[in-house]
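What follows is one structure encoded as C-alpha cells, with my remarks underneath.
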Amino acid sequence: MSSETHLVAFREHFGLEPDRLVRAPGRVNLIGEHVDYAGLPVFPMALEQAVHVAMRPRDDRLVRAASSDPNYPPREFLLGSEIEPFPDGDWGNYLKAAAVAAASRYGADCGADLWIHSEVPVAAGLSSSSALVDAILLALLDISNIEVDPLELATVAADAEQYVGTRGGGMDQAISLCAREGHAALIEFDPLRVTPVPIPGEWRFVIADTGVQVHKSGNARETYNRRRAAVEEAVEQVGAHLGLGEGERTYVRLLAEHEADELVSVAEEVLDDRLLARFRHVVTEAERVRLAEAALREDDLEAFGRLMDASHESLRDDFEVSGPELERLVSLARGAGALGARLTGAGLGGCIVALCAPDQVDSVLEALRIGYFVKQPGGEAPADLHRRLFVAIPSAGASVRRI
Ligand code: NG1
C-alpha cells in the first residue's frame, strides 16, 4: 500500500488530514530462537513488510486508532501512565502497552488519531505485535515532540509489551527500531547492543507461512510463558549445582565459563528430562548463534545453512515448538535444495525461513507453492500467496516522516 493510500484512508476515517507517517518493520529471526529472554544473543533481520501508521495530533489526551484490517475494530482510550487494559486478547492492548510507556517513561501527554495498516502477517512469528507497539510508541512520542535514542527505546518497548501478559524477550523491538538496510544484526542484551552484519549479495532467505496463527496474547501465551519459566528454572538449578550464588545463575555467566557440551553434562546430573531438554536447546542454540555470525561474516552459506537445520532440530526435539505444518514446509524447502531451513519466531505455527543460493530460489519457491499452498493437483494457490511465500529483503529500522 502506498503512502498516498494511507493518507486517503486516514482522511476517509477521521475526516481530517494526517501530518506524519511512521513505519516500523517486522522481522525474521535467522537464528537464536527462544534465547533472548535467557539474555543470550540472537541474529534477526528486519523485513521490508512493516506496520505503517498515518497520524495527527489532537488537542486532548484521547488516542483514537483504526486499522485497515476489519478484524481489528476501532479502539479509543485516554493517554496516561496507568491505563486499564481492554479484555484479555484484545488487539487494543498493544496500543495501550505503547501508550502507557510513552506517558510513564517520557511524559507524553498529547492524544492522537492513528490509522494503522500492517503488511506483516499477523501471529506468524514475524513480529507483527512488536512492530505495532514500536510504531505506536514512536507515533505518540513524536506527536509530543519527544525524541529518544532507538537503542534506549528498544529496551523501553520490550518492557512495554509485557503489558499484554506475554513475558517476551527483547529481540523484536531491538531489530525493528535499530536495523540497518541490507544487514542482519547480532543483538546482545544487558546492556542492549545491536551490531549490524552485512548480508552478502548472493544470500536469499525464503519465508513461508504455515497459516497456523500463534497469538501470543491469546492461545500461545501460556505455552510461551511456560517455556520461559522452564528455561529460568533450569539455569537456577544448574547454576546452584555449580556453586554460583543467587543472582549469578545466568546463561551468560555459565557460557562465559564453560562450553555448551560441558554444561549439558552437568545438567544431565541435575535436571529432570523436560528441563534438561529445554536447557540443552538454549546452550546449544547460543553456540550456533556464535558460529552463524562467523559464517555470515565469512560468506559461508553452507555452514550457515547447517546451523539453521541444527537449530530447527533442537527446537523440534528439545524445545517442542514445531508442528506438522512447520515440518512439512521445512522438509519441502530442504528437498528442493535449500541449504538450511528452520521454524522462525516462537514456533507452534507461523513461518519457516530457508536459506538459498540465488539459483535455488525458484525451485524452493515452486516446491513450497505446489507442495503446501496448492491443496490439490491442478488447484489454485491462495490469493494471498505473495504475503505467505516470499524472499525476505533486509530493510532499515523504524522511522517517522513528516508530510
Ligand atoms: P515471535 O513469536 O516471533 O513474535 C517471540 C518473542 C521473542 C522471542 C521469540 C522466540 C515477543 C514479543 N516476542 O517472537 O522475544 O522470544 O518468540 O525466539 O514475545
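When a residue number appears, it is its place in the shown sequence, counting from 1. Every number for a ligand or one of its atoms is a count from 1 in the order of the listing.
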Query raised in the report: Got a sec: does the CD of Glu259 have more than 12 other heavy atoms crowding it under 6.0 Å?
Result: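 Counting other residues, nucleotides and ligands, CD of Glu259 stays at 12 neighbours or fewer.
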
Query raised in the report: What is the nearest protein non-hydrogen atom to atom 2 (O) of ligand 1, stated with its residue, atom name and distance?
Result: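 Result for atom 2 (O) of ligand 1: Lys216 NZ, 3.0 Å.
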
Query raised in the report: Which residue and non-hydrogen atom of the protein lie closest to atom 6 (C) of ligand 1, and at what distance in Å?
Result: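 Ranking protein heavy atoms by distance from atom 6 (C) of ligand 1, first comes Tyr224 OH, 3.3 Å.
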
Query raised in the report: Is Asp19 salt-bridged to Arg56, cutoff N-O under 4.0 Å?
Result: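 A salt bridge is absent here (no side-chain N lies under 4.0 Å from a carboxylate O).
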
Looking at [X], which atoms of ligand 1 are within less than 4.0 Å of one of its heavy atoms?
X	value
Gly168	19 (O)
Gly125	3 (O)
Gly169	15 (O)
Tyr37	16 (O)
Asp172	4 (O), 6 (C), 7 (C), 11 (C), 12 (C), 13 (N), 14 (O)

Report task. Check whether NZ of the Lys or CZ of the Arg Lys96 lies under 6.0 Å from the centre of the six-membered ring of Tyr163 and within 45 degrees of that ring's axis. Result ->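 No, cation not above the ring by the 6.0 Å, 45° rule.
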
Query raised in the report: Given that the side chain starts at C-beta and the backbone is N, CA, C, O, which of these parts of Ser130 lies under 4.0 Å from ligand 1, counting heavy atoms, or is it both or neither?
Result: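 Contact part for Ser130 vs ligand 1: side chain (C-beta onward).
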
Using atom types as modelled, flag every donor-acceptor pair under 3.5 Å from a side chain in residues 336-357 to any protein atom, sequence neighbours excluded.
| residue | atom | partner | partner atom | Å |
| --- | --- | --- | --- | --- |
| Arg342 | NE | Ser311 | OG | 3.1 |
| Arg342 | NH1 | Asn29 | O | 2.9 |
| Arg342 | NH1 | Leu30 | O | 3.1 |
| Arg342 | NH1 | Glu33 | OE1 | 3.3 |
| Arg342 | NH2 | Glu33 | OE1 | 2.6 |
| Thr344 | OG1 | Asn29 | N | 3.2 |
| Thr344 | OG1 | Asn29 | O | 2.8 |

Query raised in the report: With a 4.0 Å cut-off on heavy atoms, does Arg27 reach ligand 1?
Result: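 Right, Arg27 reaches ligand 1.
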
